[in-house]
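All values below come from the heavy atoms of this structure, side chains included, with hydrogens, waters and symmetry mates left out. Note that the structure is a prediction, hence the values are computed from the model and not measured.
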Amino acid sequence: MSLVRHLQLACATLILWLYAGMAHADDVANITQLFRSGQQGEAFTQIDALLANKSDRPDLRMLKGVLLVDARRTDEALVVFQQLTEDFPEVPEPYNNLAVLYAARGDFDRARQALEGALRANPGFATAHQNLGDVYAQLAQLSYQRALKAEPTNAEIPPRLALLRKLNEPATSKSSP
């Protein structure tokens, strides 16, 4: 699903945000380099040390959440992003990243709720709007599947399901940024 692509795009934006607004850009660069070179344990040790002194920094906490996702530690990432939405409800990115993780688990209702939170925080957040459209398409597909199961002879449902399946296919390379 294309939601995962948006999480990756949000990560690139996040790194630029961290470098632009952070006095300790060298620390972030070092943590990122450690992580990318396979020294994940040391990267997490360093970011935790920074967070011990700067837990009020949503950018550092976002970085930790993103690194947790990259390390496939999604349960921990969910906790980080959820806490960020509670501590900084005005920041839309944690809601978006929660939605991506929920959608990857097939929990489209929670993904929708998270994206609505992102849009309350920033009504112009295009990535959240696009992700919400993807989530609605997934929810529609599930609803039509249930309708077809309840009424297998309904001839109106299969063409709609086919259209939604096509819509929910991963985007081709020609549509990448």
Side-chain angles (χ1 to χ4, degrees), residues 1-17 35-36 40 44 58-59 61-177:
M1 189 159 112
S2 62
L3 285 173
V4 174
R5 184 174 136 271
H6 291 292
L7 178 60
Q8 294 166 349
L9 290 175
C11 294
T13 303
L14 170 66
I15 299 300
L16 293 173
W17 178 37
F35 188 86
R36 288 186 179 149
Q40 293 179 359
F44 283 114
D59 52 348
R61 290 167 60 187
M62 273 291 291
L63 176 62
K64 182 175 182 179
V66 168
L67 294 180
L68 287 167
V69 170
D70 287 347
R72 302 193 192 296
R73 293 166 55 182
T74 55
D75 289 340
E76 293 171 76
L78 280 167
V79 171
V80 169
F81 295 136
Q82 181 61 46
Q83 192 62 52
L84 274 165
T85 65
E86 293 168 17
D87 295 344
F88 302 94
E90 72 281 1
V91 179
E93 289 83 3
Y95 292 103
N96 182 73
N97 289 358
L98 272 175
V100 170
L101 296 177
Y102 288 142
R105 292 180 170 193
D107 191 346
F108 298 109
D109 285 325
R110 289 179 84 180
R112 177 189 50 77
Q113 291 169 4
L115 289 165
E116 289 170 352
L119 293 170
R120 277 190 303 277
N122 179 356
F125 189 25
T127 299
H129 280 290
Q130 185 172 349
N131 286 348
L132 186 57
D134 290 343
V135 166
Y136 281 139
Q138 288 290 338
L139 287 168
Q141 183 175 339
L142 291 171
S143 188
Y144 280 120
Q145 287 170 342
R146 287 185 205 110
L148 188 60
K149 187 176 180 181
E151 192 179 340
T153 59
N154 186 330
E156 294 177 16
I157 297 172
R160 293 175 184 181
L161 260 175
L163 182 62
L164 285 165
R165 284 187 184 117
K166 183 174 173 112
L167 181 64
N168 288 326
E169 287 177 0
T172 61
S173 61
K174 67 180 181 180
S175 67
S176 61

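- For the pair Gln113/Tyr102, no side-chain contact is recorded, criterion being any heavy-atom separation below 4.5 Å from C-beta on.
- Heavy-atom minimum distance, Leu148 versus Asn154: CD1-O, 4.3 Å.
- One distance of note links CG of Asp87 with CD of Gln83; it measures 4.5 Å at 0.5 Å rounding.
- By the 4.5 Å heavy-atom criterion applied to side chains, Asn97 and Met62 are counted as neighbours.
- Within the model, atoms OH of Tyr144 and CG of Leu161 stand 8.5 Å from one another, a figure rounded to the nearest 0.5 Å.
- Shortest non-hydrogen contact noted between Val66 and Phe81 is N-CZ, 3.7 Å.
- Closest approach of Pro92 to Asn122, counting heavy atoms only: CG-CB, 3.8 Å.
- The side-chain heavy atoms of Glu116 and Tyr95, taken from C-beta on, include no pair separated by under 4.5 Å.
- Within the 4.5 Å cutoff, no side-chain heavy atoms of Arg61 are placed close to those of Val91.
- Taking CD of Gln82 as the reference point, atom CG of Leu101 lies at 11.5 Å (rounded to 0.5 Å).
- Under the 4.5 Å side-chain criterion, counting only non-hydrogen atoms from C-beta, Asn96 is in contact with Thr127.
- Nearest heavy atoms, Leu115 versus Ala99: CG-CB, 3.4 Å.
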Inset, instruction - Please report the C-alpha distance between Arg105 and Leu78 in whole Å, then the side-chain angles of each, then the deciding distance to 0.1 Å, and finally whether the side chain to side chain contact (heavy atoms under 4.5 Å, CB included) criterion is met. - result: CA-CA 12 Å; Arg105 292 180 170 193; Leu78 280 167; 3.3 Å; yes

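- Rounding to the nearest 0.5 Å places CG of Leu163 at 10.0 Å from CD of Gln141.
- Between the CZ atom in Phe44 and the CG atom in Leu68 there is a gap of 4.0 Å [rounded to 0.5 Å].
- Contact record, Pro89 with Ala121: O-CB, 3.4 Å, taken as the closest heavy-atom pair.
- Across Gln40 and Ala71, no two heavy atoms sit closer than the pair OE1-CB, 3.7 Å.
- Here the CZ atom belonging to Arg120 is positioned 10.0 Å from the OG1 atom belonging to Thr85, to the nearest 0.5 angstrom.
- Under the 4.5 Å side-chain criterion, counting only non-hydrogen atoms from C-beta, Leu142 is in contact with Gln145.
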